[in-house]
Every structure is written in C-alpha cells, then in structure tokens.
Number of protein chains: 2
Amino acid sequence: MGVFSKTCEYGIRAVLYIAHRTIDGSRVGIKEIAAEIDSPESFLAKILQDLSRKGLIQSMKGPNGGFYVEAENLQRPLADIVTAIDGEEVFSGCGMGLTHCSEKNPCPLHKEFKKVRNQLAHMMNTTTIGQFNKELLKGSVTLRK
Amino acid sequence: MGVFSKTCEYGIRAVLYIAHRTIDGSRVGIKEIAAEIDSPESFLAKILQDLSRKGLIQSMKGPNGGFYVEAENLQRPLADIVTAIDGEEVFSGCGMGLTHCSEKNPCPLHKEFKKVRNQLAHMMNTTTIGQFNKELLKGSVTLRK
DNA sequence: ATATATAAAGACCTTTATATCCTTTATTGG
DNA sequence: CCAATAAAGGATATAAAGGTCTTTATATAT
C-alpha cells in the first residue's frame with residue numbers, strides 16, 4: 001500500500017497526462033491516456049468519469065472528443081485530485097487511526113506525525129496540475145512504469 | 001485511507017500498549033489490549049500472532065499468559081512494525097505508483113515526494129516501541145479513540 | 001492428572017478496492 | 001438524417017482487506 005490508493009495514483013497520472021497533452025486546446029482519448037500512463041483502460045474510464053463530474057477535468061463525447069483540462073484548472077493543486085478520490089484523511093488523519101486524536105487528546109505520535117502530514121499537504125497544495133507540462137513535453141519526467 | 005493500513009494501525013497501538021503494560025515483567029491478555037486500544041478482539045489476535053511470530057513481541061500461553069515485550073525490543077523502531085505488516089512501500093514507493101520511478105527516471109513528484117517519505121521514514125525509525133511508556137502510564141497520551 | 005486459562009491456528013464471512021464488459025447517450029462529419 | 005466515434009452509465013466479476021468463529025495446543029495451579 002502506498003500513501004494514496006491505486007485509484008488515486010492512476011487519477012493523478014492521468015490528469016497530468018491530459019493536462020500536458022491538451023494545452024493546445026485539443027482532446028485526448030481514453031485509449032491513449034491508459035496506454036501512456038500504463039493503467040487498465042476501463043478502470044481508468046471510471047476514474048476520469050468521476051473526476052469529470054467533479055469538474056477537475058473536462059470531457060467531450062463523439063468524434064474528436066476526449067478529455068481535456070480547462071485553463072483555469074491548470075492552476076488547481078494536486079491535493080484536489082487526492083481529496084476528490086481518497087478524501088481528506090491522508091492529509092489530516094491520525095497516524096495510528098484514532099478518530100479523536102487532537103492536541104488535547106493526542107496519540108503518542110501526534111506531534112511528529114502532524115509534521116509529516118502537513119508537509120505532504122503543503123506539497124500537494126502548492127503543486128498544480130499544469131506545473132509539469134513543460135517537463136512532460138520535454139520528456140524529462142515520466143508517467144508510466 | 002490513512003497512511004498505514006488498519007491492520008498496521010491496530011498493530012502499532014497494541015504494541016505500544018503491551019510495552020507500557022509489561023515493563024514490570026508481567027503479561028497482558030488479548031481482551032484487555034483490544035478493549036484498551038479499541039480494536040476488534042479476534043482481528044487483533046491475528047495481528048499479534050503475526051507480530052509474535054516475527055519476534056516483535058513475545059507471548060505465553062496458559063494461565064497468567066499473555067503478550068509482553070522483551071527489554072531489547074523496547075529499543076526497536078516503530079518502523080519495524082510498519083515494515084512487518086505493510087511492507088516497505090510506504091517508506092520508499094513512488095507517490096504516483098510508478099514501479100520504476102527513480103532519480104534517472106523520475107515521476108513529476110519524485111523530488112518533493114521523496115522528502116516527505118524520508119521524513120516519515122526518519123520519524124518512524126527514530127521512534128522506539130518503549131519510548132512512550134512513561135507518557136502512557138501518566139495518561140498524557142492515548143491509544144484509544 | 002486434571003481442570004482451567006490463554007494464545008495459536010485455521011476455516012470462514014463481509015466489505016471495500018480494483019477491474020471488466022456491455023449498453024446508452026452525445027457529438028460530429030458527410 | 002445517418003453512420004461513426006467516443007464518453008457515460010450500469011451491471012458484474014475478482015482480489016484484497018478487514019473481521020469472526022471454532023477448535024487445538026500449551027502452560028499453570030491445584
């Protein structure tokens with residue numbers, strides 16, 4: 001188990017892929033996305049359907065249809081994808097699973113774990129969907145394997 | 001979904017509970033442990049059975065039997081519990097699930113995610129099983145709810 | 001020795017995550 | 001309008017995580 005669910009991992013990869021492939025206003029189909037981020041096609045379809053309903057990405061049916069990312073969404077943080085799919089827990093939950101863990105009622109790890117959580121949250125909140133477009137086009141970073 | 005699996009969360013809580021309850025050389029039974037860390041008893045039994053096989057905790061059958069932690073194990077890091085239950089992935093895996101993500105073949109988040117991972121790993125490697133005994137005895141930290 | 005307390009072990013069951021497939025709906029170009 | 005294309009939606013399958021129950025093995029006290 002990683003930090004995010006598999007669904008979420010595919011979601012992040014797919015959104016970044018779509019973003020960099022459609023800055024020119026074009027659209028990209030599920031087949032290509034699935035192939036390029038190495039994910040099961042029909043499972044990914046479900047994920048993108050969900051992200052599209054939630055407005056994180058856009059879609060269009062029919063010939064020349066496909067998925068794309070609106071300009072304004074390029075500024076949204078990756079944390080929004082995580083929250084949409086996995087929820088807030090990873091950014092705010094107790095490290096050892098206590099539901100009432102807090103400053104006043106802390107688990108043993110509370111202080112230290114909070115630092116880690118906050119670093120993760122900060123990173124995901126300051127990293128945007130569009131931020132890697134250049135590097136992805138250059139090929140200096142990868143989304144598959 | 002939290003950072004660790006539920007199994008792992010119960011495991012950490014239970015081990016810390018056992019540690020502070022058995023510094024005097026006594027043993028503590030599954031019923032008490034489950035009640036005090038608020039976990040399903042027979043599920044926890046499985047988890048402790050596993051941790052005991054792996055040597056992280058000790059156990060004894062029969063009257064006055066139960067679980068306990070050897071003095072030497074009090075020095076072991078919590079990371080050992082996580083690794084025993086969830087594996088290494090949370091400490092070393094790619095944030096977006098790429099199996100070949102590395103310095104040479106990095107995902108977009110590689111650098112930043114690595115920092116978070118490392119902070120988590122560092123924290124869990126420098127925190128020991130016995131470290132919270134006093135606070136748990138005092139009641140200044142909690143393991144339930 | 002026997003009765004009893006306790007963990008170990010193994011066989012289940014339930015729920016959630018992951019994944020596939022088939023049908024429907026929307027869009028477009030001719 | 002028609003045919004082709006591509007996503008949406010729904011039903012279902014499979015695997016993994018989470019959880020329960022019953023029986024067995026082992027230690028202790030009497």
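Letters A, B, ... are given to chains in the order of the sequence lines, protein chains preceding strands, and every chain is numbered from 1.
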Contacts of A/Thr83 that satisfy side-chain contact (heavy atoms from CB on, under 4.5 Å) - sequence neighbours left out: A/Glu88, A/Phe91
Partner residues of B/Lys46 under the salt bridge (charged side-chain N to carboxylate O under 4.0 Å, His left out) criterion, sequence neighbours left out: none
Option from A/Ile23, A/Leu16, A/Ile18 for which side chain to side chain contact (heavy atoms under 4.5 Å, CB included) with A/Val69 holds: A/Ile18
Residue set satisfying side-chain contact (heavy atoms from CB on, under 4.5 Å) with B/Asn64, at least two apart, ordered chain then number -> none
Starting at atom CD of B/Glu9, determine the distance to atom P of D/dG18, rounded to an integer number of angstrom. 8 Å
Do any N or O atoms of the protein come closer than 3.5 Å to N or O atoms of nucleotides 16-18 of chain C, and which pairs are they?
unit_1 : atom_1 : unit_2 : atom_2 : d
C/dT18 : OP1    : A/Lys6 : N      : 3.2
C/dT18 : OP2    : A/Thr7 : OG1    : 2.8

With sequence neighbours excluded, what pairs up with A/Tyr10 under the ring-ring contact (aromatic ring centres under 6.0 Å, His included) test? A/Phe43
State which residues pass salt bridge (charged side-chain N to carboxylate O under 4.0 Å, His left out) with B/Asp50; sequence neighbours excluded, sorted by chain then number. B/Arg53, B/Lys54
Which residues share a side-chain contact (heavy atoms from CB on, under 4.5 Å) with A/Glu41, sequence neighbours left out: A/Ile30, A/Lys31, A/Ala34
Residues two or more places apart in sequence or in another chain: which of them pass side-chain contact (heavy atoms from CB on, under 4.5 Å) with B/Glu70? B/Gln58, B/Glu72, B/Asn73
Which residues pass the salt bridge (charged side-chain N to carboxylate O under 4.0 Å, His left out) test with A/Lys61, not counting sequence neighbours? none
Reading nucleotides 4-10 of chain C from 5' to 3' and marking B where a protein heavy atom lies under 4.0 Å of the base, S where only the sugar-phosphate is that close, and - otherwise, the string is BBBBSBB
Assert: residue with more 5' nearest nucleotide on DNA chain D, out of B/Arg27 and B/Leu44, is B/Leu44
Starting at CD of A/Glu32 and ending at P of D/dT5, how long is that distance when rounded to a whole Å? 17 Å
Got a sec, which pairs hit ring pair (Phe, Tyr, Trp, His ring centres under 6.0 Å) with one end in residues 122-145 of chain A, sequence neighbours left out? none
Give me the residues of residues 81-96 of chain B where at least one heavy atom lies under 4.0 Å from an atom of DNA chain C, by number, or none. none
